[in-house]
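Data block below; observations after.
In what follows, chains carry the letters A, B, and so on, assigned in the order in which the sequence lines appear, proteins first and then strands, with residues in each chain numbered from 1.
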Amino acid sequence: MSLIPSIEFLDATKEFNRLLESLSPGPYSEEWFAQPQTEAWNALREGGWLLAGGAGSRDEELTNLLELAEVWGQHLIPLPFSATLCLMRWANSSDQPSVSPLTLAVPTAGGSAIAPFANIRGVEVVCDVELGLTLSAGKGTSPDIFAPSMPIAVVDRASIGPQEWLCTSIALFAAEAVGAARQCHNRALAYSFERSAYQQVIGSFQAIHHMAANMYRDLELAKSASLWAANAGDLEEALRAGTMAAELARSVAQKSIQVHGGIGFTWELGLHWYLRHVMAVESFFRHISLEHMREM
Amino acid sequence: MLLTLNSPEAESYRRQIRDWLNKSVPEPWLNRSQEMLSSDEELDLKRNWGYSLYEAGYAGLTWPTVFGGQGLGPIEEFIFYEESAKAGAPESLDTLGKYLAGPAIMQYGTDGQKVRFLPPILAGREIWCEGYSEPDGGSDLASASTTALRGRDEDDYLVNGRKIWTSWGHIADRCYLLAKTSRELPHHHNLSVFLFNMRQPNVEVRRIRQITGDATFNEVTFENALATRDELLGVENGGWSLVGLTGPYRRIRFALNGLRQYGQLYALIEQLSNCTRESHLESIANSFQDRLETFRWHLMRLVELQANDREWYGPAAILRLTFSELAQEVTEVGLTAQCTEHDDYWRDRFLHCRSETIAGGTSEIQRNVIATSVLKMPRFGQVVRSPTLDSKSSGE
Ligand SMILES: Cc1cc2nc3c(=O)[nH]c(=O)nc-3n(C[C@H](O)[C@H](O)[C@H](O)COP(=O)(O)OP(=O)(O)OC[C@H]3O[C@@H](n4cnc5c(N)ncnc54)[C@H](O)[C@@H]3O)c2cc1C
């Protein structure tokens with residue numbers, strides 16, 4: 001597998017980015033996150049994006065899909081895009097007509113199972129990719145909405161299937177975290193050109209330069225870690241890599257808040273949605289219990 | 001030339017390298033933790049390693065074939081270094097020749113200079129040092145005050161002044177020397193680079209003892225030392241652009257430094273894992289393994305970006321910062337590992353790694369460079385207009 005996306009695919013991601021910009025004009029608010037995202041889902045389906053990873057085939061390079069998931073992470077639309085992308089890729093039949101939002105459930109250390117987005121109406125929890133079984137849609141309970149762009153709910157049972165598909169989805173979620181971090185990085189830079197203190201733009205202070213350099217370093221490494229996750233040999237390695245990517249992404253997001261000063265600490269600016277998204281990915285990874293996975 | 005690390009061709013190249021290394025890395029080098037080598041013995045081993053690489057066709061993997069290299073790409077070089085690190089191979093002494101002077105001569109040198117200087121670099125028969133830093137300025141290189149001046153109608157230059165922290169100056173045959181060639185021209189426009197002959201009477205090399213107790217760097221004093229016209233690289237007073245290299249050779253230098261750094265980190269972290277097995281520090285060592293693996297994937301991504309002519313400078317610019325600070329952290333944990341058998345090792349590595357955030361440009365300077373060259377942030381006092389940020393941009 002090539003470690004860099006193809007030029008053609010990079011062009012496609014630009015188009016994808018434009019679509020997502022139109023679907024999530026922002027600024028984000030709790031009301032926005034609570035709205036049903038039917039229109040967005042339809043647009044994704046009509047644009048062919050849900051099958052970008054191949055339907056029932058694994059032809060498309062995973063490196064390219066990471067790029068797509070990263071762009072997705074730059075926009076916070078509360079839908080299981082990465083999970084669907086992954087499940088469609090691993091699905092048994094190649095003619096999946098409905099393409100509803102799909103998610104997967106993982107066993108947790110406590111013995112229960114959780115699934116991102118499983119509380120949202122219309123989202124189906126896939127329990128066996130090979131047999132195409134799904135649990136009833138939207139039945140997840142006790143959702144953790146720490147990050148409204150990625151709620152995580154409790155479900156009755158965990159999905160079963162080849163471990164590779166869980167590895168793929170870990171890589172894609174990691175890439176989402178990288179996307180969220182990229183947004184934080186870009187916003188910090190933009191702010192550093194606008195905001196002044198002591199008759200200087202803050203972006204000219206060396207302390208801010210050095211923070212930005214660290215942010216950039218962590219962003220680049222996070223991206224490389226997501227690539228590692230995509231190439232991991234087993235679930236344990238995928239989790240190590242995914243966790244590394246998410247931790248580095250969080251490091252970018254938290255530095256971005258520091259660059260913003262007081263406004264960075266507010267609910268109003270909106271940066272916190274990204275930080276929370278990254279933290280939700282991190283905690284999703286943390287909850288996946290390898291021990292229970294092995295028992296299945 | 002390979003374009004991806006993950007292919008049957010890359011795998012077969014890797015096997016070929018591994019086989020060669022297995023039979024070629026010298027025994028005394030592998031056993032040096034049991035039977036300590038004197039610094040002269042170590043030097044000899046490293047020098048001989050340079051010869052072995054040449055004889056086996058592994059010197060100058062990415063040098064073009066017209067200059068005697070193998071004409072391969074960064075991916076082959078990556079594989080070679082990764083396998084070398086795993087096999088515990090020595091570092092050869094000729095890195096400045098192969099990655100700085102050599103590439104610069106290929107790019108800016110005259111035909112005569114190419115013929116004179118490139119073959120011995122490749123064969124490991126002439127060792128180079130880098131003469132940039134001076135007592136009054138290391139970070140601020142453009143303020144160099146060592147002069148190389150010639151009288152009107154004269155061809156040769158007389159060099160006067162002092163360089164400091166010159167690594168391997170005591171064994172070097174040649175120096176990639178930055179000196180002021182004009183008293184009148186402004187900063188940055190008054191410097192030239194010389195392919196300077198260290199083996200002459202008017203050059204005095206004083207070894208400087210380092211915090212490790214070793215003395216691998218030096219103070220070099222020039223008193224009317226001679227630099228001939230043939231040793232001027234590029235044009236007179238055009239030396240500033242030769243300091244960091246440009247074009248494809250700059251790319252090679254970045255990647256190769258990253259590969260060497262990976263090798264060093266690999267050795268350190270493997271050792272730490274051994275020293276901390278089943279101790280309270282084991283999980284920290286594991287987290288270093290993960291950071292090392294991330295560094296490796298980053299490097300692989302970088303070489304693929306380079307091999308495919310994509311934007312690579314930003315990802316390359318973070319390598320050294322990442323490596324040097326991680327290496328220091330690892331040695332700090334190593335020190336507290338309470339592995340008495342390796343106490344000396346960790347003390348030595350801890351002290352040694354202090355240099356990694358200084359030599360070749362301090363971490364502070366590297367962060368300045370990332371902020372201003374990669375992220376295009378304004379300098380203090382500069383009036384700015386906000387740039388439009390491309391969400392994917394990471395390049396120069
Ligand atoms: C082991 C080793 C090997 C070396 N080998 C060589 C060699 O072979 N050839 C060679 O030419 N040199 C060599 N050097 C020298 C090295 O490149 C310099 O030490 C380095 O560039 C720093 O310069 P300086 O020592 O003059 O420190 P200074 O430039 O005096 O810096 C002192 C402190 O001020 C900080 N500082 C300076 N300017 C800025 C700024 N603009 N912004 C923020 N902080 C700043 C620095 O980061 C540093 O912390 C070697 C050094 C070491 C340790």
Side-chain angles (χ1 to χ4, degrees), chain A residues 1-7 10 13-14 17 21 63 67 70-71 74 179 182-183 185-187 189-194 199-206 208-232 237 240-241 243-245 247-248, chain B residues 3-7 75 286-287 289-291 293-308 310-312 314-322 325 363-364 366-372 374-394:
Chain A
M1 169 167 131
S2 164
L3 302 182
I4 53 172
S6 67
I7 298 274
L10 278 180
T13 57
K14 285 191 190 131
N17 192 37
E21 268 168 8
T63 309
E67 215 58 36
E70 189 183 317
V71 172
Q74 293 181 38
R182 188 175 297 282
Q183 197 58 265
H185 168 267
N186 289 354
R187 288 183 64 167
L189 271 193
Y191 189 70
S192 80
F193 281 87
E194 285 160 28
Q199 290 89 46
Q200 296 284 332
V201 287
I202 60 164
S204 69
F205 295 131
Q206 194 172 54
I208 301 285
H209 280 183
H210 288 194
M211 224 174 342
N214 289 345
M215 229 185 322
Y216 176 74
R217 173 198 60 198
D218 293 348
L219 179 62
E220 279 296 325
L221 291 173
K223 189 175 172 92
S224 299
S226 70
L227 205 56
W228 169 25
N231 288 276
E237 192 185 350
R240 275 169 56 204
T243 302
M244 185 50 94
E247 281 175 11
L248 285 160
Chain B
L3 291 181
T4 160
L5 275 156
N6 223 326
S7 64
I75 300 220
N286 289 343
S287 74
Q289 291 283 5
D290 289 354
R291 287 167 69 183
E293 195 56 14
T294 303
F295 189 83
R296 188 170 81 92
W297 282 93
H298 186 70
L299 208 47
M300 294 196 288
R301 188 178 131 227
L302 173 66
V303 290
E304 287 207 9
L305 286 170
Q306 295 190 332
N308 291 276
R310 303 282 182 86
E311 201 56 60
W312 60 268
I318 67 157
L319 279 177
R320 192 180 163 90
L321 207 53
T322 309
E325 295 180 356
S363 290
E364 290 71 34
Q366 286 166 50
R367 287 189 166 85
N368 290 351
V369 169
I370 293 172
T372 54
V374 180
L375 303 176
K376 312 283 185 217
M377 296 177 84
R379 290 169 204 276
F380 192 71
Q382 186 183 331
V383 180
V384 292
R385 258 180 300 125
S386 175
T388 37
L389 285 171
D390 174 353
S391 66
K392 306 289 301 175
S393 110
S394 59

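Of the charged side-chain nitrogens involved, none lies within less than 4.0 Å of a carboxylate oxygen, so that B:R291 and A:E247 do not count as a salt-bridged pair.
Interface check for chain B: of the options A:R240, A:H210, A:Q206, the most heavy-atom pairs under 4.5 Å are formed by A:H210. For chain A, the option among B:E364, B:Q289, B:E304 with the highest count of heavy-atom pairs below 4.5 Å is B:E304.
In this structure, CZ in B:R301 is found 15.0 Å from CH2 in A:W228, a value given to the nearest 0.5 Å. Going from atom CZ of B:F380 over to atom NE2 of A:H209 covers 10.0 Å, rounded to the nearest 0.5 Å. Taking CG of A:L3 as the reference point, atom CG of B:N6 lies at 6.5 Å (rounded to 0.5 Å). Taken from CG in B:L321 to CZ in A:R217, the straight-line distance is 5.5 Å, to the nearest 0.5 Å. In this structure, the separation between OG on A:S204 and CZ on B:R379 is 11.5 Å, given to the nearest 0.5 Å. Taking CE from B:M300 and CG from A:N231, the interatomic distance works out to 7.0 Å, rounded to the nearest 0.5 Å.
By the 4.5 Å heavy-atom criterion applied to side chains, B:L375 and A:M215 are not counted as neighbours. Under the 4.5 Å side-chain criterion, counting only non-hydrogen atoms from C-beta, A:E220 is not in contact with B:T322. You'll find the side chain of A:F205 stays beyond 4.5 Å of the side chain of B:P378, heavy atoms only. Using a 4.5 Å cut-off on side-chain heavy atoms (C-beta onward), A:M211 and B:R367 make no contact.
Of the atoms belonging to A:L219, not a single heavy atom falls under 4.5 Å from chain B. Proximity to chain B is limited to the backbone of A:S6, based on heavy atoms less than 4.5 angstrom apart. Only the side chain of B:T372 comes within contact range of chain A, with heavy atoms under 4.5 Å apart. For chain A, the nearby part of B:L5 is the side chain; its heavy atoms alone come within less than 4.5 Å. Residue B:Q366: no heavy atom, backbone or side chain, is found under 4.5 Å from chain A.
Every salt bridge (Lys or Arg N to Asp or Glu O under 4.0 Å) that B:E293 has, sequence neighbours left out, goes to B:R296.
Side chain of A:Q200 to main chain of B:G381: a donor-acceptor pair is present (N/O by atom type, distance under 3.5 Å, no hydrogens or angles).
Taking all atoms of both residues into account, the shortest heavy-atom contact from A:S224 to B:H298 is OG-ND1, 2.7 Å. Heavy-atom minimum distance, A:S2 versus B:T4: CA-OG1, 4.1 Å. Of all non-hydrogen atoms in B:I370 and A:Y216, the two that sit nearest each other are CG2-CD2, 3.9 Å. Closest approach of B:L305 and A:I4 over heavy atoms only: CD2-CG2, 3.5 Å.
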### Task
Go through A:I7 and B:R310 one step at a time and tell me if the side-chain contact (heavy atoms from CB on, under 4.5 Å) criterion holds.
CA-CA 10 Å; A:I7 298 274; B:R310 303 282 182 86; 3.4 Å; yes
